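Everything numeric in this text was worked out from a predicted model, so none of it was measured. Naming convention: chains lettered A, B, ... in sequence-line order (proteins, then strands); numbering from 1 in each chain.
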Amino acid sequence: MPELPEVETIMTLVKSRVENKKIKKTKVINPKLRWPIETRKVKYLEDKTIRSVSRRGKYLIFKFKSQKEILIIHLGMTGIISFKKIEDYEKHKHDHLLIYFSDFIFIFNDVRKFGSIHISNDFNKMFLIKNLGVEPLSSDFNTEYLYELSKKRSCTIKEFIMNQKIVVGVGNIYAAEALFLSKIHPAMRTNKLTLLKCKKLVRSIKSILSKAIKMGGTTIKDYVNAEGKPGYFTQELLIYQKDKCPIHKNNKVTNIKISGRASYFCDKCQIK
DNA sequence: CTGAGATCCTGTCTGC
DNA sequence: TGCAGACAGGATCTCA
């Protein structure tokens, strides 16, 4: 489900709700996720106070006061975080984890179970975190970085920018949008990428992600933030799930599969 | 090392 | 109306 802008939006909301709050109780309703929730470790978070909430790639990171353990949450495709007053909580289908604070509950719900929840005492060595690539909105993500890596590979450019080991946070929607803005064919091989195209691509990714963050992300089907509200970037999409190209207005948008994922592009704008 | 393809899971929509 | 099959914001694992 969520790509970087959605996770960033959720992170900001969650942060405002739980920072400096003490966890009273935890309850694992259904441990079955991408990796099973370790109930015993979750239990250990009880009576601990959350020091900070942040984001790394598509992961939400919770740090605690005076302890090393870190809570790491990935929302997968359909993970949703919500808050309820304790007295208003009713169990929903696909609720997985409840975290009780003094007067409300943090709820993690995930229909498709592609999300995951981990507790680790060494963030930088944690297996899902340690190999992550650079943050797209940081200065580490720049033309030279992308160009150097692109020379060493021959996968498609779309797979390349969606690869979390290269750059984090770009998923199927923003990959399509960024490639459209950069006028790059999604199935083009990375090693064919010119320095100029790399520059355009880096710029497009940065601008599309920051714009989407400002608008609270994109809602295609299910996505809602931690207040149950949709994202408003949906109306800004240019190519993803569109029928006609916004530039060549008579040209039908092409949809091909690249490594199993729908890939929308305009075959007049985006030449291989 | 790379890249292609299968896989985890449920819900919804399309077409016969 | 029913049912099979395709498809969905992800990412890891296996195998060649």
Assigned chi class of C:dG10 under the 90° convention is anti
A:E90/A:K84 salt bridge by N-O under 4.0 Å criterion
no
Paired stems touching DNA chain C, three or more consecutive Watson-Crick or G-U pairs with both distances under 3.5 Å?
B:2-8 with C:10-16, B:10-16 with C:2-8
In whole angstrom, give me the gap between the C1' atoms of B:dG3 and C:dG9.
23 Å
Salt bridge check: are A:D103 and A:K85 linked by an N-O gap of less than 4.0 Å?
no
Closest to the A:Y264 side chain, choosing from B:dC9, C:dT12, C:dA8
C:dA8
Report yes if at least one side-chain N or O of A:K58 is closer than 4.0 Å to OP1 or OP2 of C:dG9; otherwise report no.
no
Parallel under 30°, tilted from 30 to 60°, perpendicular over 60°: which one fits the rings of A:Y145 and A:F141?
perpendicular
Once rounded to the nearest 0.5 Å, what's the spacing between atom SG of A:C198 and atom CD of A:E144?
9.0 Å
When the aromatic ring centroids of A:F106 and A:F83 are compared, is their separation below 6.0 Å?
yes
Could you tell me how far B:dC9 sits from C:dC3 if I compare only their P atoms? Round to whole Å.
24 Å
Can A:F114 be classed as stacking with the base of B:dC8, given a centroid separation cut-off of 5.5 Å and a plane angle cut-off of 30°?
yes
For the side chain of A:H94, starting at C-beta, report the closest nucleotide among B:dG11, C:dG9, C:dA11.
B:dG11
Return the nearest nucleotide to the side chain of A:K113; candidates are B:dT10, B:dG11, C:dC7.
B:dT10
Should the heavy atoms of other residues, nucleotides or ligands under 6.0 Å from NZ of A:K63 be counted, would the total exceed 12?
no
What nucleic acid atoms does A:Y240 come within less than 4.0 Å of, heavy atoms only: base, sugar-phosphate, or nothing?
sugar-phosphate
Under a 4.0 Å heavy-atom cut-off, which of residues 123-134 of chain A touch DNA chain B?
none
Ion pair check, A:K151 and A:E148, cut-off under 4.0 Å:
no
Looking at every strand, decide which applies to A:K221 at a 4.0 Å heavy-atom threshold: base, sugar-phosphate, or nothing.
base
Is there a side-chain contact between A:K93 and the phosphate of B:dG11, meaning an N or O under 4.0 Å from OP1 or OP2?
yes
Of the listed nucleotides C:dA8, B:dG11, C:dG9, the one nearest the side chain of A:R112
C:dA8
Could you go through nucleotides 3-6 of chain B and list every protein N or O atom that sits under 3.5 Å from one of its N or O atoms, giving the distance for each pair?
residue: B:dG3; atom: OP1; partner: A:S154; partner atom: N; Å: 2.6
residue: B:dG3; atom: OP1; partner: A:S154; partner atom: OG; Å: 2.9
residue: B:dG3; atom: OP1; partner: A:C155; partner atom: N; Å: 2.6
residue: B:dG3; atom: OP2; partner: A:R153; partner atom: NH1; Å: 3.3

Respond yes when some side-chain nitrogen or oxygen of A:R261 is under 4.0 Å from OP1 or OP2 of C:dC7, and no when none is.
no
